[in-house]
*Asks:* 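Could you have a look at this structure, given as structure tokens, before my questions?
Here the structure is a predicted model, which is why all the values come from computation and not from measurement. All residue numbers refer to positions in the sequence shown, counting from 1.
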Amino acid sequence: MAAIEVLKEAESKGLNPEDYDASRWTARMAHPDLARFDLALTVSAMRYASDLHAGKWNPGIYHSGLDVLSGHYELAQLLRRVADAADENAVRAVLLEIEPPFPGYRRTETALQHYLALARADGGEMLPAPAKWPIEPGASYAGVPRLAELLRRLGDLPPDTPVPDAYTGPLVDAVKRFQVRHGLDADGRMGKSTLAALNTPLAHRVRQLQLTLERFRWIPHEFARPPIVVNIPEFELRALNESYATELQMKVVVGQALRRKTPVFIAQMTYLTFRPAWHVPVSITRAELVPKIVRDPGYLAANGYEIVTPNDEAVPHGAVDNDVLTKLRSGKLAIRQMPGPRNSLGLVAFLFPNEYSVYLHDTPAPELFSRSRRDFSHGCIRVERPVALAQWVLRDMPEWTPERIEEAMHGAKTLEVDLKTPIPVLIVYATAIVMEDGETRFFDDLYGFDAQLDALAAKGYPCSRWNPTSGARAPHPHE
């Protein structure tokens, strides 16, 4: 049957065929109990359709801001259409309608097929560690033959390129391309991070692509306006157009991996603020600012801070005494950093109300964008090109010319601008991304979210699944 063949090929969608009883169908068809066969096929098809549409796992387990369903569809009608399909291609065409419609999703599917083939073909030989770190361009290196073989497989070294005897010339250029694709400094030096990335099993790259497909299924399948997407492990922001192609791209700084992770969620940007003040969260006040005040009573004044009441009224103060410190620790008083170039939010902030108090903003520390790893913030997201982002956000408000934006950023007062129509903002987590030119890039599991999902997956198929029409969960087919 055509539907069974599609279930057996679930790997091509980043899913596990055994979740849909792939290895059992031959025996069932040889000795069919029609009633049990029909039940098993119906339930497997339900599970497959649900997984293909909204993902295998509920994102709310780890990301409360993504605890949403990706739209409802008529499951019974879908299954009838699948049953009536003449062949496998017709079944696939029916199921295509419920998959995420994004070009990036399709590119990831294509890359998954490529990396599945690479993983099957590659022997997995490890590159040896050198006697001295790092391996510099021009150095002799015992792993040159394996390095050349691997880089050819991955497409970083052209297939007909002669292989030098040492680590030099085309091999260095190929390693630089590999470094770019893996979020590393593209200096051609093979240090421990580069060698570790080169020695990462291709099966792991397959898994990263599979998890990216899963995460695509967690987000809504359509948006009222083109969204802004921030990918945390990549440290990149993209503003998309109506076709979900990139119109604007820039580097970002995200929350620190150890203590202040940027959350994964979806929100609506409703306004932006030029020359914002920063109301310091009480957790930061306690952990960072109070110790600095204790060491230096003049710290607040020297760095443009003031103490405020819960009503945001400034409290005149000289030296901060113990009573004020106690109130700052308890939250009875707060700290506000006044607008200006030294303000931690920079000269413009992009606001999308959310439970995490996370937003996009400018920064007075642009030097951090030169780093390859950029997790330095308290959770909010610093953007590399705030003027360009403001122009994109305000693109349907012609009165906001580039000159007026610059004037507002460098003016004398704080100014809030409401958007005519909210803009969706997606803060996502994908350690594999396929670029619009087809290049596949991989990134470290910065926050360990891939590892968490793999640990959940190791427990087996979810004991219950979502039924898109009733809100119930589709059970496992019984033998």
*Asks:* Counting only N and O atoms by type, is there a donor-acceptor contact under 3.5 Å from the side chain of D375 to the main-chain atoms of V254?
*Replies:* no
*Asks:* Nearest heavy-atom pair of P341 and P364: which atoms, and what distance?
*Replies:* O-CB, 3.3 Å
*Asks:* What closest approach, in Å, do L112 and E11 show between heavy atoms, and which atom pair accounts for it?
*Replies:* CD2-O, 3.5 Å
*Asks:* Would D450 and R215 pass as an ion pair if we require N to O under 4.0 Å?
*Replies:* yes
*Asks:* Between F265 and Y356, what is the ring plane arrangement, given parallel below 30°, perpendicular above 60°, and tilted in between?
*Replies:* tilted
*Asks:* Indicate yes or no: at least one non-hydrogen side-chain atom of D312 is less than 4.5 angstrom from one of H279.
*Replies:* yes
*Asks:* Shortest non-hydrogen contact from L127 to L147?
*Replies:* CD2-N, 3.5 Å
*Asks:* Under 6.0 Å between ring centres, would you say that holds for Y115 and F442?
*Replies:* yes
*Asks:* Give the ring-plane orientation class for H221 versus F102, where under 30° counts as parallel, over 60° as perpendicular and anything between as tilted.
*Replies:* perpendicular
*Asks:* For a side-chain hydrogen bond (donor to acceptor under 3.5 Å, both in side chains) check, start with the C-alpha distance between Q113 and S12, then their side-chain angles and the critical distance, and finish with the verdict.
*Replies:* CA-CA 6 Å; Q113 303 314 302; S12 68; 4.7 Å; no
*Asks:* In terms of relative ring orientation, are W278 and H378 parallel, tilted or perpendicular, with 30° and 60° separating the classes?
*Replies:* tilted
*Asks:* Verify, without hydrogens or angle tests, whether R107 (side chain) and I433 (backbone) share a donor-acceptor contact under 3.5 angstrom.
*Replies:* no
*Asks:* In terms of relative ring orientation, are F449 and Y447 parallel, tilted or perpendicular, with 30° and 60° separating the classes?
*Replies:* perpendicular
*Asks:* Looking at D444 and L446, would you say the former's side chain and the latter's main chain have a donor-acceptor pair under 3.5 Å?
*Replies:* no
*Asks:* Can you tell if the side chain of H361 reaches within under 4.5 Å of the side chain of P276, non-hydrogen atoms only?
*Replies:* no
*Asks:* Less than 4.5 Å apart, side chain to side chain, heavy atoms only: is that true for T363 and L368?
*Replies:* no
*Asks:* Quick one: does any side-chain atom of N343 pair with a main-chain N or O of L345 as donor and acceptor, under 3.5 Å?
*Replies:* yes
